[in-house]
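Heads up, the thing below is written out as structure tokens.
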Amino acid sequence: MARTNDDVAAVLEEYADLLAITGHEDFKIRVYQKAARSIGAYPDDIAGYDAAALRRIPNVGESIAAKVAEYLRSGTMAKLEELRGRIPAGVRALTHIPALGPKRAMVLHERLGVDSPASLESAIAAGALRGLPGFGPKTEENLLHGIALLRDSGQRVHLGVAMPLAEDIVAALEAVRGCRRCGYAGSLRRMKDTIGDIDVLATSDRPRVLMDAFVGLSQVTEVIVRGDKKTSLRTGQGLQVDLRVVPPDAWGAAVQYFTGSKAHNIRTREIAQHHKLKLSEYGLFDAVTEEKIVSRTEEEVYQRLGLPWIPPTLREDTGEIEAALAGALPDLVTEADVRGDLHTHTDLTDGHASLEDMVAAAAARGYAYYAVTDHGPNLYMQQMTLGKAVAQRERLRELDGAYGPRLLHGIELNIDPDGEVDWPPDVLAGFDVCVASVHSHFDLPRDRMTGRLVRAAKNPHVSIIGHPSARLIGRRPPIDADWDEVFRACARSGTALEINAFPDRLDLAAELIRRARPYGVKFAVDSDSHAVGHLANLRYGIGTAQRGWLTADDVINTWPLDRLTAFLRKNR
DNA sequence: GCCGTTTTCGGCCCGACTGTTTTCAGTCG
């Protein structure tokens, strides 16, 4: 369920695109894009705002405030409707074809009447582009290729796909002679939950050798562009990987630049300008003399801009610049802060490893405590019974301390459509930790869904709501609930919200985490492991927690055991 | 159209690569 802010941001983005297609000045287009970002990132819901209230949002001036107020009032914006009337929706879709931007999309529309990717394909086939200025034979070929790519859509992938691939590529390039330094940047370094392409950065005195190695990687199916400074290729999964090679002493400026986000970079460059400096991937320069000032490390670059180093997971221009200037950046939770995992499975239900193997793996990770939370009986196919749970508890007590971690016996309960869970209070009281999660009935009306989650949170034996939105990235949208109401209930009842670290879940998502924190909600970053190898997925959950601006104090499984057990008991 | 450690007017982030050009526009990140 989109917030009003997201809706308005999308409308302004569309307006900016249509201005670009109709040939308006670049700066005017950027202003609308900037305003769209500011409104999308604005913490309060702008539903019902009038023009005066809207003008208090950064980058929203008189004209945009009037347009947005009109839209909020009437659900429509006259200027946008006028452009929509002139430009068919398909023309905007043309600009989604790789290598086709607004300028040439406009040429195609005006000269040939092309109004969709499909009609462009026909026009090319009919030879209609021949003789059109700016469109040669190579362009035709590229456009056809781009339309095909768009059709079987280069979908974004989740971290679990992109991260291992990036790490393999970085390891391979580090082994190449002459490679001084190599790492991934971009949305992957920022730990976004989905990744459009992988950005790899390297320093080398022999860039050509590195580029040769890069295009020769086994994962490569297509070389998109090839140069000494930049090469782009596509892997078998259709994922684009870019490699940029910069001189060794430019590492800091380059990794800052290629980590992004774009919005964050625009802000840092503006700050540079105000200091009469110029920031590029090659360094921070004096704007007048062009003399290089710093470039070696990110810390130096930020420092010279008057900022502390900003963690990559915060670099979205959603307040981190202001916080940095005010000396108020959060002391983010890290993987090293985590003392244990509170949501894991064994082969008693749908896990693939034995209790002993899971506990040994947890011990190897250095955990101080570790909870086993197999599924309760209401997930019928798991065939759980109270007898099996009690037997598991006895075995767990025998193993307690034998491997290292203090072992907690838990259960993952199922939240039914009414907010009830598998067992009555007297049975639940026997567990050290109860996680409760939604596993079905994903499309209840919003008020019922909200009531369902609130009731589960209020259950005195439920300490953690597992994967709260039940989303599966790319496959299932999050459930619709009044999240602010859920957050209030969790804060009041002392129920933690899970940040499920499984890479196709990452649930809660960062935006909701950040919204929940001011209510005083606590969080548990859990792996939801079903196999030994899954324990390491925790890092994706920590990245997501960082994107939600969380500190270690916000995350209950960074706490010492006595503080944790007091929280889990919920004042019972 | 927005904004202000240079400004209420005059500027707006920067560089690489491609393809179509004979010096550069368009696109992308």
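All values below were derived from every heavy atom in this structure, side-chain atoms included, with hydrogens, water molecules and symmetry-related copies excluded.
- A sub-4.0 Å separation between OP1 or OP2 of B:dC17 and a side-chain N or O of A:Ser232 is absent.
- Counting non-hydrogen atoms under 4.0 angstrom, A:Asp26 reaches nothing in the nucleic acid.
- Judged by Watson-Crick or G-U wobble contacts below 3.5 Å, the nucleotide B:dG26 has B:dC17 as its partner.
- Taking the charged nitrogens against the carboxylate oxygens, A:Asp212 and A:Arg226 do have a contact shorter than 4.0 Å, which makes a salt bridge.
- Rounded to a whole angstrom, the distance from the C1' atom of B:dC17 to that of B:dC12 is 25 Å.
- Residue A:Tyr257 places none of its side-chain N or O atoms closer than 4.0 Å to OP1 or OP2 of B:dA16.
- Residue contacts for A:Phe258: at a heavy-atom cut-off of 4.0 Å it reaches no nucleic acid atom on any strand shown.
- Following rounding to the nearest Å, A:Gln273 (CD) and B:dG10 (P) show an atom-to-atom distance of 17 Å.
- Atom P of nucleotide B:dT18 and atom CG of A:Asp228 are separated by 11 Å, given to the nearest angstrom.
- For the P atoms, the distance linking B:dT8 with B:dG19 amounts to 46 Å, nearest Å.
- Taking the charged nitrogens against the carboxylate oxygens, A:Lys192 and A:Glu316 have no contact shorter than 4.0 Å, which rules out a salt bridge.
- Nearest nucleotide to the A:Arg244 side chain, out of B:dA16, B:dT20, B:dC13: B:dA16.
- Nucleotide B:dA16 holds its C1' atom 8 Å from the NZ atom of A:Lys229, rounded to whole Å.
- Counting to the nearest Å, the C1' atom of B:dG19 and the CG atom of A:Leu129 are 14 Å from each other.
- Of all nucleotides listed (B:dG15, B:dT18, B:dG1), B:dG1 comes nearest to the side chain of A:Ile64.
- With both ends at atom C1', the span from B:dT20 to B:dC13 equals 26 Å, rounded to whole Å.
- Closest to the A:Tyr282 side chain, of the nucleotides B:dG19, B:dA16, B:dG1, is B:dA16.
- Side-chain contact, A:Arg514 with A:Thr318: a donor N or O sits under 3.5 Å from an acceptor N or O.
- Considering only side-chain N and O atoms, A:Asn142 lies nowhere under 4.0 angstrom from the phosphate OP1 or OP2 of B:dT18.
- For the pair A:Arg244 and A:Phe258, the cation does not sit on the ring face, since its NZ or CZ is not both under 6.0 Å from the ring centre and inside 45° of the axis.
- Nucleic acid contact for A:Glu281: sugar-phosphate only, since backbone atoms but no base atoms lie under 4.0 Å from a heavy atom of the residue.
- Here the separation of B:dA25 from B:dT21, taken at their C1' atoms, is 9 Å to the nearest Å.
- Shown here is A:Glu167, whose CD atom has more than 12 heavy atoms of other residues, nucleotides or ligands within 6.0 Å.
- Side-chain N/O atoms of A:Asp507 and A:Asn500 include no donor and acceptor closer than 3.5 Å.
- For the residue pair A:Asp242/A:Gln240, the side-chain donor-acceptor check at 3.5 Å is satisfied.
- Using a 4.0 Å heavy-atom distance criterion, A:Ile97 is classed as a sugar-phosphate-only contact.
- Applying the 3.5 Å distance criterion, the base of B:dG1 shares no donor-acceptor pair with the side chain of A:Tyr32.
- Remark: the separation of the P atoms in B:dT6 and B:dC2 is 23 Å, to the nearest Å.
- Comparing A:Thr231 and A:Gly136 along DNA chain B, the residue whose closest nucleotide (by nearest heavy atom) sits nearer the 5' end is A:Thr231.
- Taking atom CG on A:Leu132 and atom P on B:dT21, their separation rounds to 10 Å, with Å as the unit.
- Using a 4.0 Å heavy-atom distance criterion, A:Pro133 is classed as making no nucleic acid contact.
- Across the protein-nucleic acid pair, A:Gln256 atom CD and B:dG29 atom C1' stand 14 Å apart, rounded to whole Å.
- Across all strands, A:Lys262 comes closer than 4.0 Å to base atoms (heavy-atom distances).
- Spacing between atom NZ of A:Lys278 and atom P of B:dG15 amounts to 4 Å, rounded to whole angstrom units.
- The residue among A:Asn59 and A:Arg30 whose nearest nucleotide of DNA chain B lies closer to the 5′ end is A:Asn59.
- At the phosphate of B:dT27, OP1 or OP2 sits under 4.0 Å from a side-chain N or O atom of A:Arg104.
- Atom C1' of nucleotide B:dT20 and atom CG of A:Leu100 are separated by 16 Å, given to the nearest angstrom.
- Nucleotides B:dG11 and B:dT7 have their P atoms positioned 13 Å apart, rounded to a whole Å.
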